> 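Sharing a structure, written as structure tokens. Questions coming.
Chain letters run A, B, ... following the sequence lines, proteins first and then strands; every chain starts at 1. Being a predicted model, the structure only gives us computed values, none of them experimental.
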There are 2 protein chains.
Amino acid sequence: MRTGEFQRNTRQRQVILEELCRLKSHPTAAELHRIVRKQLPKISLGTIYRNLDILVRNDMIQKLDFGGSEARFDGNPNRHYHLRCIQCGRVDDIKDLSTGIMLDDFKRLKGYKIHHLRIEFLGICPECQKKAKTDNKDVRRKKKNRR
Amino acid sequence: MRTGEFQRNTRQRQVILEELCRLKSHPTAAELHRIVRKQLPKISLGTIYRNLDILVRNDMIQKLDFGGSEARFDGNPNRHYHLRCIQCGRVDDIKDLSTGIMLDDFKRLKGYKIHHLRIEFLGICPECQKKAKTDNKDVRRKKKNRR
DNA sequence: ATTCTTATTAGTAATCATTATTGTTACTGA
DNA sequence: TCAGTAACAATAATGATTACTAATAAGAAT
Ligand SMILES: [Mn+2]
Ligand SMILES: [Mn+2]
Ligand SMILES: [Zn+2]
Ligand SMILES: [Zn+2]
């Protein structure tokens, strides 16, 4: 399931992926639309969104969904961390953060004046784990009954 | 400028703050609306949003703005970290994370099955720092000219 | 207490990013 | 050649949040 959700390799999707990967910035869908339109003048914003979504689901890019306003997209599908400007919204990559970080052990990074650090652990809560188990049982039962 | 943006202590604002602080969950504006309406049946959703915004600006609560859909609000204004379920959206607090964390040094936390960790450094980028400096100069010049 | 000022409210409309729908176009495989 | 359908452009719908406006009420002044 890595690659292969989509079966037609359209010019639109090619250009969207190319341009996103070429950019080191982390553009919004609208920004990417403006850029891609230079090559494909009549591509619609809906097509940008639809393809970005497909590319995300296929782990070829990632969506950086900070709250607030527009989501941003990243041509690099590998997990890495970011620096974000709380004034203009600009987003930069952080490369050297592999083994561990100590809080309050930073002040400047790439010329940024750091205000704070946001950390979230993302996972499945106990209730949802339970639910997943019973759901699986249901699926097995249904499969059995089907034949 | 800590407290004192608002000068009238309305019943609406009191109840909103009380209920939010009483809850250990991290409700959305709509959820809080439903709860507060038990005491104030005709309070409008706009009033909830307006007051939450004011309370955030006065550092009395905080807004947890994960991307995706609704923002959540936290009666605890002090910086702390969160566990979030990527299935149902539930948000829990993490208490014991004061000195440092090691990446890949966790698997379970409060019964959650952790999938990944989100880290963002938030600050002011070099360009915005420059801009702030020149802006300050402008302000000083204007003040000087005013008298 | 009564009046006065105006911050705040309830209700509603507007905004804006994103998603869904629709009719059309263009691959694909038989 | 042609049926089936992925993907498209154009446009409408959705949903969270913000803005607007006339009415209300908190708190000061009288
Ligand atoms: Mn990146
Ligand atoms: Mn919390
Ligand atoms: Zn900036
Ligand atoms: Zn859950």
> Any side-chain N or O of B/R50 below 4.0 angstrom from OP1/OP2 of C/dT9?
yes
> In whole Å, what is the span from the OH atom of B/Y49 to the P atom of D/dA16?
7 Å
> If you compare every side-chain N and O of A/T47 against the phosphate oxygens of D/dA9 (OP1, OP2), does one of them come in below 4.0 Å?
yes
> Verify whether one side chain among B/D92 and B/H82 offers a donor that lies under 3.5 Å from an acceptor in the other.
no
> Could you tell me if A/Q39 and A/E18 have a donor-acceptor pair between their side chains, going purely by distance under 3.5 Å?
no
> Using the side-chain heavy atoms of A/S44, tell me which of these nucleotides is nearest: D/dA16, D/dA10, C/dA17.
D/dA10
> Can you give me the N/O atom pairs linking the protein to nucleotides 1-3 of chain D at distances under 3.5 Å, or say none if there are none?
none

> Using a 4.0 Å heavy-atom cut-off, write out nucleotides 24-30 of chain D from 5' to 3' as B (base contacted by protein), S (sugar-phosphate only) or - (no contact).
-BBS---
> For A/I43 and D/dC8, give me the distance from atom CD1 to atom P, rounded to whole Å.
7 Å
> Which of the following nucleotides, D/dT17, C/dT18, D/dA9, is nearest to the side chain of B/E70?
D/dT17
> Take B/Q12 and B/L40 through the side-chain contact (heavy atoms from CB on, under 4.5 Å) test and state the conclusion after the steps.
CA-CA 8 Å; B/Q12 285 88 338; B/L40 305 170; 4.1 Å; yes
> How long is the line joining CG of B/N51 and P of C/dT8, in whole Å?
9 Å
> Hey, does the side chain of A/R13 come within less than 4.0 Å of D/dA7's phosphate (OP1/OP2), counting only N and O?
yes
> Between A/V15 and A/Y49, is there a shared hydrophobic cluster once you connect ILVMFWY residues whose side-chain heavy atoms come closer than 4.5 Å?
yes
> Hey, does A/H33 have a side-chain heavy atom less than 4.5 Å from the side chain of A/T47?
no
